[in-house]
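Taking it in order: structure first as structure tokens, then the write-up.
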Amino acid sequence: MSFTNAALIGGGDWIGFDNYAKLLKDKLFYTSLWNNFYFVLLTVIPTTVIALLIALAVNKLRGRVQALVLTLFFLPYVLPVSVVTMIWAWMLDFQFGILQPLIETVTGRPIAVFKDPNWVMPMIAVVTVWWTNGFNVLLFIAGLRNIPPDLYEAAALDGATAWQRFARVTWPLLWPVTALVLTLQLILQLKLFDQVYLLSKGGPFNQSYVVLMQMYREAFQLNNGGYASAIAMVLFITIVIVSVLQFQLLRIGGRK
């Protein structure tokens, strides 16, 4: 379909690589692609680090307390994105948001964060980290539970400090899980759409306009199915290349 000028439904004429040539000249596409990668920078590594720290803390708890804390961290993950965005839109509302006093303390004035070009993507990143991090915590907890306790006992007998036990035992054995979390997060965040559509509609001034929003606009609003398919193919190839490259680099790094 990406090689045709078809509408969203129905056939079209074969036009070869014309859609891809058009895409290479589309400034809005480059803007949306940059916004995608900017969002990846804001979320992938921070959410992995936060999940690891939470997992290390939760892993020290026992019994019902651990189960309760895990439930509290995992609860946002089971919420639909519409509920998540409604909660955060209410908390960050310019007039009545309960988090606006905190923002005002930092900036000196209230800010409509989802209408401000400097705040919109970082705040959507905060919402996303809060929403998705419970799953990453569970992955790290599973990885920590697979580390044999004997290794920690042997390290303690050798006089290793808490930091040395983490650096020489926990981190190397947890590296495969870390690589998995980073790769899954990369794929997930490159497919960003729901939060942006519900919180900012891609604005202001296209500062939160992402690739899937452009694909949605071309397909379902402008009825350009062929061009939308070309955008989808480019995004798919980008995700495959970047995620495979990252995973292989992480595997190589884990062997060193």
Taking the side chain as every heavy atom from C-beta outward, state whether [X] and [Y] have any pair of such atoms under 4.5 Å apart.
X      : Y      : result
Val242 : Val40  : no
Tyr20  : Val234 : yes
Leu56  : Thr170 : yes
Ile103 : Leu92  : yes
Gln246 : Leu249 : no
Val210 : Phe39  : no
Asn59  : Ile141 : yes
Thr132 : Gln185 : yes

Closest non-hydrogen atom pair, [X] against [Y]:
X      : Y      : result
Pro172 : Phe166 : CD-O, 4.1 Å
Thr71  : Ala67  : OG1-O, 2.8 Å
Gln214 : Ser32  : OE1-OG, 3.5 Å
Ala230 : Ser2   : N-CB, 3.5 Å
Gly143 : Val177 : CA-CG2, 4.0 Å
Pro76  : Leu72  : CD-O, 3.5 Å

State yes or no: do [X] and [Y] share one hydrophobic cluster built from I, L, V, M, F, W and Y residues joined by side-chain heavy-atom distances below 4.5 Å, directly or via other members?
X      : Y      : answer
Ile98  : Val84  : yes
Ile50  : Val69  : yes
Phe74  : Leu144 : yes
Leu102 : Ile124 : no
Val81  : Met91  : yes

Whether the side chain of [X] engages the backbone of [Y] through a donor-acceptor N/O pair (distance < 3.5 Å, no angle test) should be reported.
X      : Y      : value
Asp93  : Phe96  : yes
Gln66  : Lys60  : no
Tyr30  : Leu24  : yes
Asn36  : Leu190 : yes
Asn19  : Thr4   : yes
Asn136 : Thr48  : no
Arg165 : Ala156 : no
Asn35  : Thr31  : yes
Thr47  : Val44  : no
Asp18  : Asn5   : no

Quick check: are there more than 12 heavy atoms from other residues, nucleotides or ligands sitting under 6.0 Å from [atom1] of [X]?
X      : atom1 : answer
Ile9   : CD1   : no
Phe236 : CZ    : no
Phe29  : CZ    : yes
Phe17  : CZ    : no
Ile45  : CD1   : no
Met86  : CE    : no

ask   = Side chains of Ser208 and Ser200: do they bring a donor and an acceptor to under 3.5 Å?
value = yes
query = If you measure only the distance, is there a donor-acceptor pair under 3.5 Å linking the side chains of Gln100 and Glu104?
reply = no
What's the separation between atom [atom1] in [X] and atom [atom2] in [Y], rounded to the nearest 0.5 Å?
X      : Y      : atom1 : atom2 : answer
Met1   : Leu8   : CE    : CG    : 5.5 Å
Asn133 : Leu52  : CG    : CG    : 10.5 Å
Leu199 : Lys115 : CG    : NZ    : 12.0 Å
Leu173 : Thr178 : CG    : OG1   : 10.5 Å
Lys191 : Leu212 : NZ    : CG    : 8.5 Å
Thr43  : Met121 : OG1   : CE    : 8.5 Å

ask   = Is it the case that Lys201 places NZ or CZ above or below the six-membered ring of Tyr197, under 6.0 angstrom from the centre and within 45 degrees of the axis?
value = yes
key: Pi-cation contact, Tyr227 with Lys22 (under 6.0 Å, within 45°)   = yes
Transitive ILVMFWY cluster of Phe247, excluding itself - 4.5 Å side-chain cut-off = none
request  = Identify which one of Asp26, Val211, Asn224 satisfies the side chain to side chain contact (heavy atoms under 4.5 Å, CB included) criterion when paired with Ile231.
outcome  = Val211
request  = Not counting sequence neighbours, list each pair that qualifies as a ring pair (Phe, Tyr, Trp, His ring centres under 6.0 Å) and has a residue in residues 111-139.
outcome  = Tyr77-Phe135, Trp88-Trp130
query = Between Phe37 and Trp34, is a ring pair (Phe, Tyr, Trp, His ring centres under 6.0 Å) present by the stated rule, with each step listed?
reply = CA-CA 5 Å; Phe37 281 107; Trp34 159 250; 8.2 Å; no
message = Restricting to side-chain hydrogen bond (donor to acceptor under 3.5 Å, both in side chains), what partner residues turn up for Gln207, sequence neighbours left out?
response = none
